[in-house]
Amino acid sequence: MAGVDRSRRSSSSPPPLPWTVRVQLAALSAAHRSDGSARRLLFYLGDLHAAASPRPDAAGVRSVDVTIDASRGLWARVFCPPTNTAAAKLPVVVYFHGGGFVLFSAASRPYDALCRRISRGDGAVVVSVNYRLAPEHRFPAAYDDGLAALRYLDANGLAEAAAELGAAVDLSRCFLAGDSAGGNIAHHVAQRWASSPSSPPASLRLAGAVLISPFFGGEERTEEEVGLDKASLSLSLARTDYFWREFLPEGATRDHAAARVCGGERVELAEAFPPAMVVIGGFDLLKGWQARYVAALREKGKAVRVVEYPDAIHGFHAFPELADSGKLVEEMKLFVQEHSSNRMA
């Protein structure tokens with residue numbers, strides 16, 4: 001889609017959802033207090049984890065965990081799709097999970113399942129980074145971990161994981177992706193990588209970035225934040241405020257550069273910042289900030305593709321029961337194919 005549709009007015013009526021999704025969202029809501037803070041023990045009890053397995057699952061996807069930096073407990077889960085030929089080099093999608101910088105992990109069942117779907121649907125090796133969480137590890141820990149993951153890939157090329165999974169990767173077709181807070185991380189890691197000098201030249205080249213319902217904000221309350229605060233159980237203003245308090249440096253406001261990336265003259269984008277795909281849900285209270293982000297990219301002359309789902313709530317991608325979740329995987333496939341072709345041209 002060529003532009004961001006701002007004509008659809010905010011509505012307090014949530015979109016219809018399957019009962020299975022409503023039950024999961026109700027459980028997530030129960031893990032938060034009225035002030036937005038997380039009941040972390042309750043959340044962790046419900047945050048079931050999936051184990052990696054080099055044996056193919058029902059869809060033919062295999063996975064293995066790799067250590068990136070043992071000194072800080074940084075690791076990633078690597079997913080490999082079924083391949084017709086071992087000689088084919090596959091694109092790489094480096095994925096950052098959501099959770100407000102505070103919750104979930106690369107092993108959480110919803111993200112393990114999502115990355116499997118992306119790997120199979122997009123025909124790519126997915127590297128899901130288990131970055132350190134706030135408040136124990138505030139800004140800029142998540143960004144540091146994302147950059148460390150790229151440097152690890154550049155230096156090692158997933159040699160051990162690729163050998164175990166029987167796949168080869170093409171680091172010139174590396175994409176960053178993430179949802180919510182992970183979309184925020186994808187932006188900042190792309191900016192850091194694109195603006196950092198590389199000597200000798202890096203073998204890893206960023207071909208694109210996919211930001212799914214990215215988590216941006218500011219002290220200002222947008223019309224969408226106010227109008228959609230009670231639109232669904234997946235996110236509220238109280239929760240977004242809590243996540244920023246946990247992640248940003250102590251005493252910082254939401255106008256910190258980590259949150260307000262589209263603050264007019266403060267926007268900085270490196271010349272090598274990759275083409276972006278920004279996914280916006282019609283019932284996501286963050287969509288006002290996301291639209292500003294798209295405008296900021298375009299003002300800087302950057303290539304950006306906007307994908308909108310008018311009835312989608314924040315976090316819709318994690319529910320395979322929702323049709324838009326499947327459509328997103330297909331949109332990502334098209335984006336990866338388009339910008340893989342551009343790299344090879």
Side-chain angles (χ1 to χ4, degrees), residues 10-12 14-15 24-40 42-43 47 96-104 108 110-111 131 133-143 178-188 211-263 266 278-294 296 309 312-318:
S10 300
S11 169
S12 59
Q24 292 176 75
L25 291 177
L28 180 64
S29 181
H32 288 81
R33 302 179 181 87
S34 59
D35 65 356
S37 61
R39 296 183 171 96
R40 298 184 73 180
L42 182 60
F43 176 84
D47 182 24
F96 302 101
H97 66 80
F101 306 99
V102 175
L103 305 173
F104 295 112
S108 295
Y111 283 105
Y131 58 88
L133 299 177
E136 292 81 6
H137 304 283
R138 293 177 177 267
F139 167 91
Y143 305 156
D179 68 281
S180 193
N184 176 295
I185 296 169
H187 164 80
H188 285 284
L211 287 74
I212 305 167
S213 308
F215 186 25
F216 301 129
E219 284 297 302
E220 171 194 356
R221 296 299 194 194
T222 67
E223 176 186 351
E224 294 83 359
E225 284 178 308
V226 174
L228 293 171
D229 184 25
K230 307 301 181 183
S232 77
L233 293 173
S234 61
L235 195 64
S236 66
L237 276 176
R239 289 187 212 170
T240 62
D241 290 353
Y242 162 72
F243 290 141
W244 288 127
R245 288 196 303 270
E246 296 291 273
F247 174 66
L248 295 175
E250 292 189 27
T253 72
R254 295 189 302 274
D255 285 334
H256 188 279
R260 189 165 187 143
V261 302
C262 43
R266 288 172 41 186
V278 181
V279 179
I280 301 176
F283 281 86
D284 185 351
L285 63 85
L286 299 176
K287 69 178 184 177
W289 291 110
Q290 294 156 6
R292 293 186 189 187
Y293 176 71
V294 169
Y309 298 106
I313 60 172
H314 191 86
F316 75 94
H317 51 275

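None of the values given here were measured: they were computed from a predicted structure. All residue numbers in this chain count up from 1 along the given sequence.
- Screening Leu25, Leu285, Leu233, Leu235 for a side-chain contact (heavy atoms from CB on, under 4.5 Å) with Ile313, the sole residue that qualifies is Leu25.
- Ring geometry, His317 versus Tyr111: the interplanar angle falls from 30° to 60°, so the pair is classed tilted.
- Heavy atoms only, all atoms of each residue included: Arg221 and Leu237 are closest at NH1-CD2, 3.4 Å.
- The aromatic rings of Phe139 and Tyr143 lie perpendicular to each other, with more than 60° between the two planes, well past the 30° mark.
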| task | Report the C-alpha distance between Glu225 and Arg254 in whole Å, list the side-chain angles of each, state the deciding distance to 0.1 Å, and finish with yes or no for salt bridge (charged side-chain N to carboxylate O under 4.0 Å, His left out). | result | CA-CA 14 Å; Glu225 284 178 308; Arg254 295 189 302 274; over 6 Å; no
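- Contact record, Leu42 with Ala31: CD2-CA, 4.0 Å, taken as the closest heavy-atom pair.
- Counting only distance, with no hydrogens or angles, the side chain of Asn184 and the backbone of Ala258 share a donor-acceptor pair below 3.5 Å.
- Judged by distance alone, with hydrogens and angles left aside, the side-chain atoms of Glu224 form no donor-acceptor pair with the main-chain N or O of Asp284 at under 3.5 Å.
- Taking the six-membered ring where tryptophan is involved, the planes of His187 and Tyr293 are perpendicular, since the angle between them exceeds 60° and thus also 30°.
- The shortest distance between side-chain heavy atoms of Leu103 and His32 falls below 4.5 Å.
- Residues Ala238 and Ser34 come closest through the heavy atom pair CB-O, 4.0 Å.
- In this structure the side chain of Val102 never reaches within 4.5 angstrom of the side chain of Phe247, judged on heavy atoms.
- Inter-residue side-chain proximity for Arg138 and Pro249 is flagged as unmet; no heavy-atom pair is nearer than 4.5 Å.
- Listed for the Arg260 side chain is no donor-acceptor partner under 3.5 Å among the backbone atoms of Phe216.
- Here the side chain of Ser213 pairs no donor or acceptor atom with the backbone of His314 at under 3.5 angstrom.
- Summarising the geometry of Ala134 relative to Glu246, their closest heavy-atom pair is CB-O, 3.3 Å, with the distance given to 0.1 Å.
- Side-chain atoms of Leu28 and Arg239, non-hydrogen and from C-beta on, do get closer than 4.5 Å to each other.
- Within the 4.5 Å cutoff, side-chain heavy atoms of Thr240 are placed close to those of Phe215.
- In Glu219, the CD atom is crowded: over 12 heavy atoms of neighbouring residues, nucleotides or ligands sit closer than 6.0 Å.
- Distance check, rounded to the nearest 0.5 Å: CH2 of Trp289 to CD of Glu220 gives 4.5 Å.
- In this structure, Gly282 and Leu228 approach most closely via the heavy-atom pair O-CD1, 3.8 Å.
- Note that the CG atom of Leu286 and the CZ atom of Arg292 stand 12.0 Å from one another [nearest 0.5 Å].
- Checked by atom type and distance alone, the side chain of Arg39 pairs as donor or acceptor with a backbone atom of Ala30 at under 3.5 Å.
- The two residues Ser180 and Gly98 make their nearest non-hydrogen contact at CB-CA, 4.3 Å.
- Ring geometry, Tyr131 versus Phe96: the interplanar angle falls from 30° to 60°, so the pair is classed tilted.
- Residues Phe101 and His137 have side chains not in contact (no heavy-atom distance under 4.5 Å, counting atoms from C-beta outward).
- Considering only heavy atoms from C-beta on, Val261 comes within 4.5 Å of His188 through its side chain.
- Judged by distance alone, with hydrogens and angles left aside, the side-chain atoms of Thr253 form a donor-acceptor pair with the main-chain N or O of Asp255 at under 3.5 Å.
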| request: For side-chain contact (heavy atoms from CB on, under 4.5 Å), just list the numbers for Asp35 and Tyr242, CA-CA rounded to whole Å, side-chain angles, deciding distance to a tenth of an Å, and then say yes or no. | output: CA-CA 8 Å; Asp35 65 356; Tyr242 162 72; over 6 Å; no
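- Going from atom CZ of Phe316 over to atom CD1 of Ile212 covers 7.0 Å, rounded to the nearest 0.5 Å.
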